[in-house]
Structure formats: C-alpha cells, structure tokens
Amino acid sequence: SSVVRSLVREPRGQVAMLAFAHNQLPVARAATAQARGESRLAPRPPRVFASASPELTPSSAAAAGMFAAATAVAARSVRAGLRQRQRNVLAAKGTFCQFKRLELSRSASTRRTSMDMDLLEAPQVEGTSSQQGRPRVRFAPSPTGVLHVGGARTALFNWLFAKSQGGEMILRVEDTDMARSTADSEAAILEGLKWCGITWEEGPDVGGSCGPYRQSERIDAGIYKEQLDKLIASGKAYRCFLTPEELDAMRAEAERNEQAFVVDSPWARASEAQVQEMLDKGVPYVYRFRVPQDREMIVNDLVLGEVEWNSDDLGGDFVIVRNTGVPMYNFGVVVDDAQMGITHVFRAQEHLMNTPRQILIYEALGLPVPTFGHMPLILAPDRSKLSKRHGAVSVSDYQRKGYLASGMVNYLSQLGWNDGTNKEIYGIDELVEAFRMDRMSKVAAIFDKDKFKWVNGHHIRLLSDEQAVEKIGGVLVNEGLVKEASGEFVRQASLLLRDRISVLTEAGDELRSIMEYKLDEMFVSDDFKKWVEDGSIKETATCILQAKADGDLDNIDQDPDVFKKLSKRISKERGGVKKKALLAPLRLCLTASDHGPDMAIFFKMMNQADENVLCEVVSLDQRLQLLAEKFEL
C-alpha cells in the first residue's frame, strides 16, 4: 500500500499502475522510475485503457486486482487534479477487467491537453446505413482441425442472432494456412455444425451470390489483390523488404531501451527507385499497412460497450500480405466481410485486439464498418485457459460420448448468455425466441463438465418414447447387449434407462447393473453388513419364498399391486417393520442391490427377455433359488 500511495501522487505513477495491470512491464518500470525522479527514458505511455494490448493473460488477474485497488486510492488522492472517464476494458486471452481511466486535468502539459481534446473529438465507428436491412452474420472457421466447443458456441450465437432477427448466416472457410488446411477437416467442421442444428444460407457447400466461400478460391479469383492495389495506389500500403533478422535486431534494441517494440520500417519512406532495385534483385517482401499516427478509434461494442484504441499503441505498420502472396487474417477478413455484406461481427473477446487494425483497413478502403460484438471467453473451472483436460474436446467427441445435440446447444447457449430468468433447460425454438445480444455477459464463462452432463440428462428425459428406443436401443446394440433395437424388452429397457442416465453411453453399464444378481458380493459388502447380521435379510428371504410358494408372486411382472401386497405381508410377518427397515432388505433379496428402478417396472422388463437379448438375464425363479440355497431354506 505504501508503494501505491507513493505512485498515485504523480501522473507517471498512475501510468505505471496502468501498465503493470496490463502486463506492460517495460513501460511500468520506466514510468515508475520517472515517478520517483530517476532519469530513465520511457516511450510515449500507451493508452492501455484502449484494450489493444495482447499481453493480458489469466495470470494477470492478480495484477489487475491490485490495479483496481490502486485506482480507488488514486481517485481520492488526486481528485482535485484529475477528471474521471469511465471505460470498458477488453478481455484478451482469458481475462476481462473493467476500470476507470484517469486523465490529467487541463492544468497538465500542452501535449497532454491536446491529446485529451483529440480524444473528445474522436469519431465513433458504428454500423453504416447499409445495416438497416436484414442482418447478415458469418462463421468463418479454419479447416485445420475439428470443431471445438468454443467455435461451436461462436457459430451458435451468430446463428441465434440471425434467426431471432430474421437475418442470414454465412459460412466462410478461412483456409489460407495451406500447410495445415485439409478437406477432411472442413468436412468434419461442417458435419459438427449440422449435427448441432446450425444451418446457413450461403457457404461453400450451398453456394450463394457472394462466393467463392473459401479464401483459397478467393485468392485465385484475385479478390484480395484488387483491394491491395487500391491500398498501394492510395499510399496506405507499401512493400517492405525487412528481413526477420533485421526485425529481431529492432526488437532487441527496444527491449534494451525498455521501450515497447514499434515497427518503423525504412521502406515506408523508400523511393520508387529503391523499391525497384530490390524487386530486380528478387528480394522477398511483404506488404505492410501504413498505420496513421495518434488516431483515436471508439467502437460501441454490442457486448462490451464503448471501447477505445489509439493507433500509436498498435505496434507500428503491420503486415497485410505475406511474401507468398497470401493475405494475413486482418486484411482478408475485412475484404471478405465487406464483400459478403456482413453487418454484424460476433466473435470471442480474444479477437478484440484485431479490431482496431481492421477498422483502419475498412476506412482506408472506404468500406462500411460492421457492428462488433465480442463475446466472453470460455475458461476452465480454475479460470485458466480451457484445455482438453478440462473438457475442451471436439463436438464430434461429445457426440460419440453420448451427448445429444439439443443438450450441447442448450449448454453452450448458457456459456456467457441468459435470458434474465432462472431457467436452465431450453429447446432450440425457445432459444431463438429468447435470444438478445444485450443479455450477453462481459465476463468469462466457466466450462463445467458436470453441469454440461446434468443439462444433457434433462434432454435425454425429454426424448419421446420413439426417440428413446432409437437412441438408447442403438447403444444397447452397439454394446452387444441386444441383437436389434426392437422388441418389447428393448422398448421397456429404453424407457427405464431414459430416466436413469445422463449420457447415452451410460445405457450399457446401467442395464448390466440392473440385470445382474451378485448375491455373494452383497453378503460380504460392508454397505449391507447391518442387514445381514441383524437377520433382516434372512427373515425377508423366508417371507418371499413362502409368498412364492403360495402363488402370491405369479403376476409380479404384470400387476403393480403384487409388489405392494408382498411388502405388506413381509411387514406383518416381521413384526410391523416399515420404510427402510422393510424395503431395503426386500430390494436386496430380489436384486442384490439397495438401489434401482421401480420393482414392478423392473420385473415387467425382465419378463420380456427373449432371443433378441444377449446380456445375462437372471430370472425371478433363478434369484429365489439362489436365495434359498444361500440360507438353506
């Protein structure tokens, strides 16, 4: 706290705290030194509130918390000399923070005052008039792997927005990573989306008026080159011949000076003759975008609210076309979104750092800027980056594990969104009707495997009888428990299991557990020792065998009252025992387990076993025979 108090007295100290919270350690060290009166050069302080830094990670959460506390102290200490302006701050690589920007008063230096005035007059980047028609959204996966839950959620939210607003969904394949992109991966992604029930009006498989819908095909069509030529002609882009070694040397120099690395290419100022000389030598080059200086950009994000960047914090001129002629992400996505008429761009907050660069390209090409919405990240329960050990497997993996598409869609919709009620189980039509972007959360969502399984279990119980037989019966066939998913036994088993499983793949083990009769294991189990030692099991077995001899169990598989009458008879013969003292020994005698389905339903299902059933079935008569042998009755 003493360090905080010493820092907040000076503007440079406030900059240090801002930089530290954003993991900009070189800037923080330099600003701290100046706040303490030490002589150390520092770069122009970045406007870290602008949310453009890619450095913020989940590990920065503690620093961000320290910053929040320091800001409160600073507000009290320098209230007379500061004015406050609230800003929403981005979430990048797993952390979302919200804090207030503290600006210097008009009594500060002329340079700072000028910057503040520029900020107040900065234009806001919003949707254009072309967005007054039907919304058009897109999902643009890279076919370098499978469809993971994060991508599926992004596609789902775009689809829900389009459907709820009467808009259109476009699927675009961003396959510019030639080495890793495969047709099999593209097919798997499309299959995963279709399994979730997500559809699109335009795409590589259905066509459309804005194709091609693969970036590789758009490269061949010269679409990006046409827009690149416009940037070159207007002086907004240039050839850069800097080598990787030269860039590494520039980066190392910046680190030695404890300055942020900013690309300042000499080729931005080269003459045509100098460029032509390099071209004649066949020297490889990239195309860089010429970033304007001190350009303020303010975006009204549909999720985060107002977000601001300064172009000076973008790291200098950035590459838009590789030396292979393949467009970089920020350039390609701008050209594609504009030419496909995309009005709304909804993506994860990890992409927020790309937004200012894309805005500059939109403006340089004279293209309308879409409305942005950056959705919360999905984190593990420990708030670390979601990985496979936390459940970040592909959609197809969950499908193979027995999850339903409806359960998947329901759970994904809850990762960062709710309708303002306590409702947790939704059908797809209910989601479309309830979906509104203003209900999207700003904070990261936590992926909970247990909650996912719970939601899926509800959707299994919502299956109709026919759906249950098809899906659960299919699992029983695959596990070799029945020959075909047909017949009365399969029907009865499927309906029984529907209420007892959370994922379809649990059906096989659950049926085996129900059908088995492990009497010997029950007798030696510590869980049932009480009932064995006090004679409850033997007394109950004696009553059951006598009831069988009297014919009282003849219709136990058809008449639910038979089991009720048996319970009353045993209670009477055992001196009026009730509840658990009555029912626990009774179930143990008949099933060798203290839990399971309703006894009447169980025996009805078991009596339907025929040649279609392959799993072990221990009939009631066999169970009673084993029970009699155990007690020598």
Side-chain angles (χ1 to χ4, degrees), residues 54 92-93 137-155 158 170-193 198 200 202-205 210-228 231 237 239-240 242-244 247 263 284-289 315 317-340 342 345-355 357-358 361 374 377-378 385-388 392-397:
K93 294 185 179 178
V137 299
R138 48 78 168 172
F139 178 60
S142 297
T144 57
V146 293
L147 179 65
H148 289 277
V149 294
R153 189 200 64 165
T154 297
N158 275 276
I170 289 82
L171 179 69
R172 184 175 70 235
V173 177
E174 298 185 345
D175 57 349
T176 55
D177 188 342
M178 307 298 184
R180 299 173 58 212
S181 297
T182 66
D184 289 344
S185 178
E186 178 183 322
I189 291 173
L190 268 63
E191 181 181 347
L193 291 171
I198 297 173
W200 46 92
E202 301 175 27
D205 57 333
C210 297
Y213 293 93
R214 295 184 181 91
Q215 285 190 334
S216 58
E217 296 173 359
R218 295 174 69 79
I219 292 174
D220 295 339
I223 293 174
Y224 305 110
K225 186 179 185 304
E226 179 183 355
Q227 300 304 314
L228 176 62
L231 291 177
R239 293 182 178 88
C240 178
L242 282 174
T243 65
L247 286 169
V263 176
Y285 59 90
V286 298
Y287 286 97
R288 288 186 181 274
F289 183 84
D317 298 347
F318 55 90
V319 178
I320 57 174
V321 177
R322 299 180 178 91
N323 57 15
T324 59
V326 176
M328 295 291 285
Y329 170 76
N330 284 321
F331 179 55
V333 76
V334 166
V335 173
D336 291 343
D337 283 348
Q339 294 195 353
M340 293 181 183
I342 302 303
V345 174
F346 299 126
R347 54 194 181 186
Q349 288 176 8
E350 61 190 7
H351 288 286
L352 186 57
M353 69 182 76
N354 295 315
T355 306
R357 294 176 176 85
Q358 292 172 11
I361 297 174
H374 290 86
L377 297 171
I378 303 177
K385 182 179 179 181
L386 188 65
S387 63
K388 191 170 185 178
V393 297
S394 68
V395 169
S396 59
D397 284 338

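FYI, side chains are in, hydrogens and waters are out, and symmetry mates aren't considered; it's all heavy atoms of this structure.
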For [X], all residues meeting salt bridge (charged side-chain N to carboxylate O under 4.0 Å, His left out), sequence neighbours excluded:
{"X": "Glu226", "value": "none"}
{"X": "Arg153", "value": "none"}
{"X": "Arg347", "value": "none"}

Donor-acceptor side-chain pairing of Asp175 and Gln215 below 3.5 angstrom: no
Side-chain heavy atoms of [X] within contact of [Y], under 4.5 Å:
{"X": "Leu171", "Y": "Glu202", "value": "no"}
{"X": "Val146", "Y": "Val395", "value": "no"}
{"X": "Val263", "Y": "Arg288", "value": "yes"}
{"X": "Ile342", "Y": "Ile170", "value": "yes"}
{"X": "Asp337", "Y": "Val345", "value": "yes"}
{"X": "Arg218", "Y": "Tyr213", "value": "no"}
{"X": "Pro212", "Y": "Ile223", "value": "yes"}
{"X": "Glu350", "Y": "Leu377", "value": "yes"}

Would you kindly check if the NZ (Lys) or CZ (Arg) of Arg239 is within the cone defined by 45 degrees around the ring axis of Tyr285 and under 6.0 Å from the six-membered ring centre?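 Satisfied, under 6.0 Å and within 45°.
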What pair of heavy atoms forms the shortest contact from [X] to [Y], and how long is it?
{"X": "Pro143", "Y": "Ser185", "value": "C-OG, 3.0 Å"}
{"X": "Asn330", "Y": "Asn354", "value": "OD1-CB, 3.2 Å"}
{"X": "Ser216", "Y": "Met178", "value": "CB-CE, 4.2 Å"}

Rounded to the nearest 0.5 Å, how far does [atom2] of [Y] lie from [atom1] of [X]?
{"X": "Thr355", "Y": "Leu352", "atom1": "OG1", "atom2": "CG", "answer": "4.5 Å"}
{"X": "Ile189", "Y": "Asp184", "atom1": "CD1", "atom2": "CG", "answer": "11.0 Å"}
{"X": "Phe318", "Y": "Cys240", "atom1": "CZ", "atom2": "SG", "answer": "13.0 Å"}
{"X": "Thr154", "Y": "His351", "atom1": "OG1", "atom2": "NE2", "answer": "7.0 Å"}
{"X": "Leu231", "Y": "Ile361", "atom1": "CG", "atom2": "CD1", "answer": "7.5 Å"}
{"X": "Arg172", "Y": "Phe139", "atom1": "CZ", "atom2": "CZ", "answer": "11.0 Å"}

Pair Phe289 and Tyr287, ring centroids less than 6.0 Å apart: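 No; Tyr287 has its ring centre 6.0 Å or more from that of Phe289.
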Checking side chain to side chain contact (heavy atoms under 4.5 Å, CB included) for the pair Phe331/Leu228: CA distance, chi angles, key distance, verdict? CA-CA 9 Å; Phe331 179 55; Leu228 176 62; 4.1 Å; yes
Verdict with supporting geometry, Tyr224 and Ile219, side chain to side chain contact (heavy atoms under 4.5 Å, CB included): CA-CA 6 Å; Tyr224 305 110; Ile219 292 174; 3.6 Å; yes
Residue pair Glu174, Tyr329: steps toward the side chain to side chain contact (heavy atoms under 4.5 Å, CB included) verdict: CA-CA 9 Å; Glu174 298 185 345; Tyr329 170 76; 3.6 Å; yes
Show your reasoning for whether side chain to side chain contact (heavy atoms under 4.5 Å, CB included) applies to Ser394 and Leu147. CA-CA 5 Å; Ser394 68; Leu147 179 65; 5.9 Å; no
Looking at Arg138 and Asp336, is there a salt bridge between them, counting it only when a charged N and a carboxylate O are closer than 4.0 Å?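 So Asp336 does not pair with Arg138 through a salt bridge.
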So Glu186 and Arg214, salt bridge (charged side-chain N to carboxylate O under 4.0 Å, His left out) or not? Walk me through it. CA-CA 10 Å; Glu186 178 183 322; Arg214 295 184 181 91; 2.7 Å; yes
